[in-house]
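Presented below is the structure to which this report refers.
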Amino acid sequence: MKRWNIKKLLLYSHNEKMKELEFNLEDVTIITGGSRTGKSAIPEIIDYVMGASECHIPSFARACLSWVGILWVKGDTEFSLFRRVPNIGRKSSEDINFEIGKDINIPTKSSLLSKKTNLEGGLSQFERLLGMGDARTETFGTRFESKRISVRNTMPYLLQDDDVIISKNTLLRGANDDRKQSIIESLPYFLGIVDEDTLGKELEFKKITKQISRIEKKVKANEAIIYGEPNRALSLIQEALQLGLIDHDDDIETRSNDELFKKLTDITKWDVTAQSNVNEDQLPNLYKKLAIEQSKAIEIKNQLKKAKQQILAAEEFDGTVNRQKRKLEVVNLFKNPHDPKTCPLCSSELTTPSKPVSTIKNLMTKVQDDLKSIEKDRPRLDSHINNLKTELEIKELEIEKTKEEIATLVKENEQIENNLDIFQRRFRTIGRISLYLESKEALDSDNQIKDHKVLEELYSRLEQLEEDVNLENKFNNLENAERRISSIATNIIAKLPFEDRYRDCPVYINLKNLDVGVSLPTHSESMRDVGSDENYLSLHVSLMLALHRHFASLERPVPGVLLFDQLSRPYFPPDEEPNEVEIDDDLNANSERSSLLKYFETLFNEVDRNESLQIIIIEHAFFKNHERYKNSVKYRWKKNESGLIPKDWPEKIK
């Protein structure tokens, strides 16, 4: 046996039961049955055991499974790989169990399985058996991040499930999503264009190239700074003189190099900001002080206004009282108030006091009191107003003084802003001087000598690697692989159902973008433009078989397994024929069924080439009178009677 085949698929329930699904080695295995018998779960189980990041086993089967496993075989060596099935709602499990040896004892129940390693550890065991070394996808100078090539990268060549087998856009599983680039980059390795040794040398080549570039840039930068301009040191000093960084020196041009370097070193220590007395910190306090003083001035003005209003009211009251006084003076009553017992007109004595005379007497007294009050309060109001006016004048003087201080600082800051360009120029000059001194120090140090020595060694090693990593040779080899695979696929498709207008037209595959199609005399048509499910199926079958022939001829580390999920899909779509379809001998009566048989006969012929290719077919069709077909049918499942999952296996939802 030249290649690894799947001997058994191993299923474990939640109630300590186990089921084996056995496959024919180096031959065709057919599993037929109706829908919902579990056939579609087989490729997903294989994919999950072999490292899928998420478990996509259909839920009706997944709920009944605790562990799943594959028993691989090549000659006398067997490799069993088991992976725990995650509960519904969880993506995957890292629990892996494996065994390597001859005639391995398979655990009969899940309780005998326990985690032995993680997923990466389990897959690496199989990779070692396949002959895969430490290879990475960094080939052909691509800009994508380098990734390790693993057995996961072989899955697109093993599984042609229902999403891919008649796809008009996609040849390989995973090539229609973010896995496409990984497939493209790992293809040269699986096609034998590069191997672990070549890839290792290419990675070393790229690493050395980056090292050389980095060291050369550093050395050239230092040399350009020191030697790029004659008298660079003197030029920098003259620039510093113009900016006032150092005092004028009439003998500067006669100074020795050591003296020049000392001056340059001194310049780098100069405090550029020493002369800039920025007063911005004082301004906020002055603005705050101004606001307080202005607020107090407003308060004084309000008080002054109220005092003046009181004076105005007193003056109005004083006028009223004086008018009353003058009226009383007319009858000479105000000056000579009479006794209320005496008649004010004739001066005769009254027997009873006169009420009007009493009223006049009281009025005269009140007028006199009001006049005395006005005369008493007016001086105090006048004094208060004068004090407020004096206080307001002082406050207004303080406000003007504060405003002048603010204006002065603002003007000073504007001058500083105007001089900012000189500070920036000084900063730049000091920066250039620092860089110059650092570059000179680097050139004078042992590091520069070491850099040149390292460059010599790197160039020597790079020259040794150039032949092995010749990109032109790799592209030529890739094109050669394309021609070879296309030629094989063209020979195979000649035996398959294919539209007449494409007969005798070569099939092509572009390994740089995974585009496939047919080359016509005048132009090429991609698979999408070829049209019809039958044409899509023929292209898939022919190219997949061609790829496996190439893998086998070069003994590449790809398992010799190829699974097709329902070759009869173009003839019996699942929604029309959910159950197994029996086909009798009268094939001529139905050209479609005769065409379908051509695919199986082609696959039978392919495994008979003795290249250890194992083909697994999941089908609805059953050719009941075709002996080779019947002998290849390992399982015939019937809905509600038999299937992948036994009826007595309990479900575990959580």
Side-chain angles (χ1 to χ4, degrees), residues 6-23 29 31 33 35-73 78-101 103-126 151-152 155 158-159 161 559 561 563 565 616 618 634-635 637-654:
I6 297 177
K7 187 175 182 179
K8 294 178 181 179
L9 206 61
L10 307 164
L11 313 177
Y12 293 85
S13 70
H14 296 290
N15 61 346
E16 299 290 55
K17 292 187 177 181
M18 188 265 279
K19 179 177 181 178
E20 297 181 345
L21 212 62
E22 193 168 359
F23 301 101
T29 299
I31 300 174
S35 61
R36 293 194 63 80
T37 55
K39 303 188 309 298
S40 61
I42 293 174
E44 297 299 344
I45 290 173
I46 294 172
D47 189 48
Y48 178 68
V49 175
M50 298 309 297
S53 59
E54 295 184 11
C55 180
H56 292 294
I57 300 172
S59 58
F60 72 88
R62 178 177 172 180
C64 299
L65 297 169
S66 59
W67 286 77
V68 286
I70 299 175
L71 179 61
W72 291 93
V73 61
E78 292 182 343
F79 175 74
S80 61
L81 184 65
F82 302 90
R83 189 176 184 185
R84 189 188 298 276
V85 177
N87 293 334
I88 300 294
R90 300 193 63 179
K91 291 184 177 181
S92 64
S93 172
E94 282 283 315
D95 293 355
I96 299 293
N97 186 291
F98 70 91
E99 199 69 45
I100 304 172
D103 298 327
I104 293 175
N105 289 323
I106 301 298
T108 57
K109 52 186 179 181
S110 60
S111 61
L112 298 176
L113 289 168
S114 61
K115 181 178 179 179
K116 184 178 286 188
T117 184
N118 59 15
L119 181 60
E120 184 179 356
L123 294 180
S124 65
Q125 296 292 329
F126 191 45
V151 69
R152 279 299 301 161
M155 290 297 106
L158 274 56
L159 305 176
D161 57 17
V561 177
L563 182 148
D565 187 355
I616 300 170
I618 298 169
K634 201 77 172 178
Y635 303 98
W637 293 333
K638 295 185 181 295
K639 189 175 181 180
N640 299 324
E641 294 182 17
S642 59
L644 180 71
I645 306 297
K647 288 187 175 182
D648 60 346
W649 281 22
E651 292 186 2
K652 183 180 179 181
I653 304 301
K654 294 183 180 179

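Contacts of Ser13 classified as side-chain hydrogen bond (donor to acceptor under 3.5 Å, both in side chains), with partners at least two apart in sequence or in another chain: Asn15. Partners of Asp648 according to the salt bridge (Lys or Arg N to Asp or Glu O under 4.0 Å) rule, which considers only residues two or more places apart in sequence or in another chain, are Lys17. By the side-chain hydrogen bond (donor to acceptor under 3.5 Å, both in side chains) test, Arg62 pairs with no residue at all, sequence neighbours left out. In this structure, the side-chain hydrogen bond (donor to acceptor under 3.5 Å, both in side chains) partners of Asp161, at least two apart in sequence or on a different chain, are Arg173. By the ring pair (Phe, Tyr, Trp, His ring centres under 6.0 Å) test, Phe79 is found to be paired with Phe126, residues two or more places apart in sequence or in another chain being considered. Judged as a salt bridge (Lys or Arg N to Asp or Glu O under 4.0 Å), and not counting sequence neighbours, Glu641 has no contacts. Every residue was checked against the salt bridge (Lys or Arg N to Asp or Glu O under 4.0 Å) condition with Glu94, not counting sequence neighbours, and none meets it. Partners of Glu120 by side-chain contact (heavy atoms from CB on, under 4.5 Å), not counting sequence neighbours, listed by chain and number: Asn118. Here Ser110 pairs with Tyr12, Glu16, Ser66, Trp67 under the side-chain contact (heavy atoms from CB on, under 4.5 Å) rule; sequence neighbours left out. Residues forming a side-chain contact (heavy atoms from CB on, under 4.5 Å) with Ser642 (at least two apart in sequence, or on another chain): Trp637, Lys638. Scanning for salt bridge (Lys or Arg N to Asp or Glu O under 4.0 Å) contacts around Lys91 gives Glu54, with sequence neighbours left out. Listed by chain and residue number, Glu99 satisfy the side-chain hydrogen bond (donor to acceptor under 3.5 Å, both in side chains) test with Lys116 (two or more places apart in sequence, or in another chain).
Side-chain contact between Lys7 and Trp72 is absent, with no heavy-atom pair separated by less than 4.5 Å. Proximity of Val68 to Phe82: side-chain heavy atoms (C-beta onward) are nowhere separated by under 4.5 Å. Inter-residue side-chain proximity for Leu158 and Pro559 is flagged as met; some heavy-atom pair is nearer than 4.5 Å. A 4.5 Å side-chain heavy-atom check between Ile106 and Leu71 finds at least one atom pair inside the cut-off.
Of all heavy-atom pairs spanning Gly51 and Leu123, the tightest one is CA-CD1, 3.9 Å. Summarising the geometry of Ile104 relative to Gly101, their closest heavy-atom pair is CD1-N, 3.8 Å, with the distance given to 0.1 Å. Of all heavy-atom pairs spanning Leu563 and Pro43, the tightest one is CD2-CB, 4.0 Å. Across all non-hydrogen atoms, the minimal contact from Phe60 to Gly38 is CZ-CA, 3.8 Å. Between Ser114 and Asn97, the closest heavy-atom pair is O-ND2, 2.8 Å.
No donor-acceptor pair closer than 3.5 Å links the side chain of Lys634 to the backbone N or O of Glu22. Judged by distance alone, with hydrogens and angles left aside, the side-chain atoms of Arg152 form a donor-acceptor pair with the main-chain N or O of Asp47 at under 3.5 Å. Side-chain N or O atoms of Arg83 include one that pairs as donor or acceptor with a backbone N or O of Ser93 at under 3.5 Å.
Just one of Val151, Thr117, Ile100, Ile96 meets the side chain to side chain contact (heavy atoms under 4.5 Å, CB included) condition when paired with Gln125; it is Ile100.
Taking CG of Asp565 as the reference point, atom CD1 of Ile31 lies at 10.0 Å (rounded to 0.5 Å). Interatomic distance, OG1 of Thr29 versus CD1 of Ile618, reported as 11.0 Å (0.5 Å rounding). Note: Ile6 CD1 to Phe23 CZ = 6.0 Å, rounded to the nearest 0.5 Å. Interatomic distance, OG of Ser59 versus CD of Glu651, reported as 8.5 Å (0.5 Å rounding). Distance check: Ile70 CD1 to Leu21 CG gives 11.0 Å after rounding to the nearest 0.5 Å. A distance of 13.5 Å separates NZ in Lys19 from NZ in Lys8, rounded to the nearest 0.5 Å.
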Lys109/Met18 under side chain to side chain contact (heavy atoms under 4.5 Å, CB included): CA gap, chis, key distance, verdict: CA-CA 6 Å; Lys109 52 186 179 181; Met18 188 265 279; 5.9 Å; no
Worked check of side chain to side chain contact (heavy atoms under 4.5 Å, CB included) between Leu65 and Ile645: CA-CA 9 Å; Leu65 297 169; Ile645 306 297; 3.9 Å; yes
